[in-house]
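This one's a predicted model, so the numbers in the text were calculated from it and none came from an experiment. Chain letters run A, B, ... following the sequence lines, proteins first, then strands; residues in each count from 1. Note: hydrogens, waters and symmetry copies are ignored here, and every other heavy atom, side chains too, is used.
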Amino acid sequence: MSNESNTPTNFIRQIIEKELAEGQTKIVHTRFPPEPNGYLHIGHAKSICLNFGLAEDYNGVCNLRFDDTNPHKEDQEYIDAIQEDVRWLGFDWDDRLFYSSDYFPKLYEFAVELIKAGKAYVCDLSAEEVREYRGSLTEKGKDSPHRNRSVEENLELFEGMKEGMFEDGSRTLRAKIDMGSPNINMRDPALYRIRHGVVHHQTGDAWCIYPMYDFTHPISDALEGINYSLCTLEFEDHRPFYDWIIDNISVSCHPRQIEFSRLNLEYTVVSKRKLTQLVDEKVVNGWDDPRMPTLAGLRRRGVSPASIKEFSRRIGVTKVDGTIEMGALESCIREDLDRSAQRRMAVLNPLKVVITNYPEEQLEAISAPNHPKNESMGARPINFGRELYIDRDDFRESANKKFKRLVLDKEVRLRNSYVIRCDEVIKDEAGEIIELRCSYDPETLGANPEGRKVKGVIHWVSAKEGVKAELRLYDRLFNHPTPDADKEKHFLEHVNEASLTVIENAVVEPLVATEEAGKSFQFEREGYYCVDKDSTVGKPVFNRVVTLRDSWAKIENSN
RNA sequence: UGGGGAAUCGUCUAGCGGCAGGACUGCGGACUCUGACUCCGCCAACCAAGGUUCGAAUCCUUGUUCCCCAGCCA
């Protein structure tokens, strides 16, 4: 970004800097550990920027690791999409792409080690029984009747689990810690469960037992030599178990888990489960629907990686459970696009204008700068002619001085072109305005008129050359700032029915109609737009990335 | 009613015993061939009550409010 500054400090950077200075830490080694069960979203971007950003800033490394211990929910599609998204953000894991499933054999050995040390046991309780034995938030649990099996029996049973001798759900391997712990995560948590008949995307049918996250994560971190294992707040009370595992197996590395608050963004949801629901229930058109806060959606919407990184930088990293205003993201998007997007003109709601004193067949090439503040971005030709389109919102038959646009019997500047005066309004039988008769001042191309000041400037497209285009106007997906925090209503009830408005008959400059998907432009006075992948030669389609700030709307609405 | 966390402008965030600062938003103005951008200015906060101290957002005590946890999910 143009004004990008250094990453502000935060409590994690302070910990790292202290440990680096004191020598406990030699090389910062982090990891980003998504489960491949959905697409990455803006909340993941925060974590990606944190983990990869820390590695970059302290000359360390960051691994990409798929936390794939639950094959039931996972899929290769997500593995591919996640890698694409992380790369798109601009981060690189070199040869450090790992899968938790890489460690299945080692994990098994560590489980055996725990059993031999009398610190894990095979439990025959059903899921419901385990729940009963676990106690509650306020009551202690009670020991499983299988808690004191001999090491030999546990070894034999665990081996049997691995060999497929037992049915799903009939047994688990559990850590032997303390059923009376006030921390429920320490009440003999499950280490392994039995899952027959699922094909793991990496290991196929090699295993019928799968390790739990709480067991897998600390070990994966330790095996990879991670020293800062950053995760979100809800794992805070799993940390004692994380440390317990590391302390009770033979690994030399003891990664440190540090928790930070997950991102909440107003007027959207940032939860894989809920995003999946939006896709499955066809509230949106897929994971890359431009209304989605997924990286795929943001990318299709026209949001750049630079904007997302800057957003991530601005929101910071703390343990405060807060919600970011959408305006904060939009500000980053506008800042980036203002600098990088070429300017074009598009008329959303066309009103025909005939320049009565302009020759019938004449077309006049005008050079229009691509960026008002950056000459190196060049200029493009646009054609002025006798018939043009302007936006209906830019004309009024009568208006006060505040309305700096075209008014009957008044003048206005056509952007990059001449000053015109509206002489006559043509209406149909219903009284609707269908055409404006105007005259142009030939002396005003690139020059201000003599003796009078023309304040307003409006955009336009020549009728002869303009190309019909579809514009997709996106608005917030929900009409409640925290749709999933409402205890009265289900979040889907807060979906904004008007989150997509399709403008079928906009008219754009011919030059922008053939741009490739993904390119962003500013349609002057309207907003930033991005060529959608649905675009075809005959029918260009644009997504509105974000509107321009609109102080006129504020003035108008206040009246 | 157990355990783990968090409380600073509207929002996000800095502060680490010595002038409460920044960003976003909002408001006012300047500039303008984009009612954009840019520039200038303004509004706006330490959860509460005690205590320690020359001095407290910061340390101590007691409260209050909010978030998370009872998956063989992550």
Side-chain angles (χ1 to χ4, degrees), chain A residues 8-10 14 33-35 37 67-70 72-73 123 125-127 130-131 134-141 168-174 181-187 189-195 209-210 212-214 216-217 231-240 259 261 266 272-273 313-332 334-335 338-339 343 345 368-369 371-373 402-405 412-417 419 444 446-448 454-459 485 522-527 547-556:
Chain A
T9 191
N10 59 53
Q14 288 172 354
E35 185 189 11
N37 66 344
D67 213 337
D68 57 348
T69 56
N70 186 6
H72 192 70
K73 291 179 167 181
C123 179
L125 257 24
S126 68
V130 168
R131 197 180 312 129
R134 187 157 36 226
S136 73
L137 292 178
T138 51
E139 295 161 317
K140 293 183 172 186
D168 282 15
S170 62
R171 287 186 161 87
T172 53
L173 182 72
R174 294 225 259 162
S181 172
N183 181 349
I184 287 182
N185 298 294
M186 298 298 268
R187 318 237 262 234
L191 267 23
Y192 270 91
R193 74 280 215 185
I194 302 170
R195 288 283 179 275
I209 55 171
Y210 289 95
M212 302 291 292
Y213 164 87
D214 278 330
T216 309
H217 209 85
C231 64
T232 44
L233 253 26
E234 67 270 25
F235 292 102
E236 225 154 7
D237 43 12
H238 293 231
R239 183 164 14 100
E259 309 85 11
S261 52
E266 282 189 350
K272 254 195 249 177
R273 212 197 85 244
R313 191 189 72 80
R314 287 188 195 177
I315 60 175
V317 178
T318 65
K319 300 185 74 139
V320 183
D321 187 17
T323 304
I324 312 287
E325 290 175 340
M326 195 54 99
L329 210 210
E330 290 175 346
S331 165
C332 297
R334 288 194 185 103
E335 182 182 282
D338 175 57
R339 179 183 54 77
R343 310 290 127 121
M345 292 195 282
H371 196 285
K373 292 197 171 170
K402 275 186 180 172
F403 186 79
K404 304 194 308 187
R405 307 179 185 188
V412 80
R413 158 78 62 185
L414 291 180
R415 176 79 170 151
N416 298 311
S417 180
V419 169
T444 54
N448 283 325
V454 176
K455 262 216 140 177
V457 181
I458 62 173
H459 58 282
Q522 184 195 103
F523 289 158
E524 289 191 288
R525 304 209 311 128
E526 289 292 353
T547 59
L548 258 27
R549 284 179 76 237
D550 189 356
S551 52
W552 166 246
K554 284 171 196 160
I555 296 168
E556 207 177 26

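- Spacing between rA14(B) and rA23(B) at atom C1', rounded to whole Å, works out to 11 Å.
- Within the nucleic acid shown, P372(A) comes within 4.0 Å of at least one base atom, counting heavy atoms only.
- On the P atoms, rG10(B) is 10 Å away from rA44(B), given to the nearest whole Å.
- Residue-level contact check: R343(A) touches the bases, meaning some heavy atom is under 4.0 Å from a base atom.
- At a threshold of 4.0 angstrom between heavy atoms, the contacts of R195(A) include nucleobase atoms, whether or not backbone atoms are also involved.
- Residues passing the ring pair (Phe, Tyr, Trp, His ring centres under 6.0 Å) test with H459(A): none are found, sequence neighbours excluded.
- K404(A) meets the side chain to side chain donor-acceptor pair (under 3.5 Å) test with no other residue; sequence neighbours excluded.
- Between the C1' atoms of rC42(B) and rC9(B), the separation comes to 14 Å (whole Å).
- Residue contacts shown for G327(A) are limited to sugar-phosphate atoms, with no base heavy atom under 4.0 Å away.
- The closest donor-acceptor contact from the side chain of T216(A) to the backbone of M212(A) lies under 3.5 Å.
- Mapping S331(A) and R405(A) onto RNA chain B by nearest heavy atom places S331(A) at the nucleotide closer to the 5' end.
- Nucleic acid contact class of S181(A) (heavy atoms, under 4.0 Å, all strands): none.
- Here the straight-line distance linking atom SG of C332(A) with atom CD1 of I315(A) works out to 9.0 Å at 0.5 Å rounding.
- Between H72(A) and R195(A), the side chains place no donor N or O within less than 3.5 Å of an acceptor N or O (distance only, hydrogens not considered).
- A gap of 8 Å separates the C1' atoms of rG17(B) and rG55(B), to the nearest Å.
- Scanning for salt bridge (charged side-chain N to carboxylate O under 4.0 Å, His left out) contacts around E139(A) gives an empty result, with sequence neighbours left out.
- Within the nucleic acid shown, K73(A) comes within 4.0 Å of at least one base atom, counting heavy atoms only.
- Rounded to whole Å, the separation between the P atoms of rG2(B) and rC46(B) comes to 31 Å.
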Notebook entry, point to check: Pairing of RNA chain B as dot-bracket, 5' to 3': ( ) intra-strand, [ ] crossing, | other strand, . unpaired, with Watson-Crick or G-U pairs under 3.5 Å?
Noted result: .((((((..((((....[..)))).(((((.......)))))....(((((..]....))))))))))).....

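- Take K319(A) and apply the salt bridge (charged side-chain N to carboxylate O under 4.0 Å, His left out) test, not counting sequence neighbours, and it matches E236(A), E259(A).
- In this pair, H238(A) and Y213(A) present their aromatic rings perpendicular. The plane angle is above 60°, beyond the 30 to 60° band.
- Across all non-hydrogen atoms, the minimal contact from M186(A) to S181(A) is CB-OG, 3.5 Å.
- When heavy atoms are screened at a 4.0 angstrom cut-off, S261(A) is found touching no nucleic acid atom at all.
- Comparing rA49(B) with rA57(B), their C1' atoms sit 16 Å apart, to the nearest whole Å.
- Remark: D338(A) engages R343(A) in a salt bridge, criterion side-chain N to carboxylate O under 4.0 Å.
- Nucleic acid contact class of L125(A) (heavy atoms, under 4.0 Å, all strands): base.
- Nucleic acid contact class of E325(A) (heavy atoms, under 4.0 Å, all strands): base.
- Using a 4.0 Å heavy-atom criterion, one finds that F523(A) contacts no nucleic acid atom at all.
- Nucleic acid contact class of R549(A) (heavy atoms, under 4.0 Å, all strands): sugar-phosphate only.
- Of the C1' atoms belonging to rG22(B) and rU8(B), the separation is 13 Å, rounded to the nearest Å.
- Each of N183(A) and T323(A) lies near RNA chain B, and the nucleotide nearest N183(A) is the one positioned closer to the 5' end.
- Going from the P atom of rC47(B) to that of rU58(B) covers 8 Å, rounded to whole Å.
- The span of RNA chain B lying next to chain A, judged by atoms under 4.0 Å from heavy atoms, is bounded 5' to 3' by rU1(B) to rA74(B).
- No donor-acceptor contact under 3.5 angstrom links the side chains of R131(A) and S126(A), judged on distance only.
- Residue-level contact check: R134(A) touches the backbone only, with heavy atoms under 4.0 Å from sugar-phosphate atoms and none from bases.
- For rG71(B), the base adopts the syn conformation, since its glycosidic angle falls within 90 degrees of zero.
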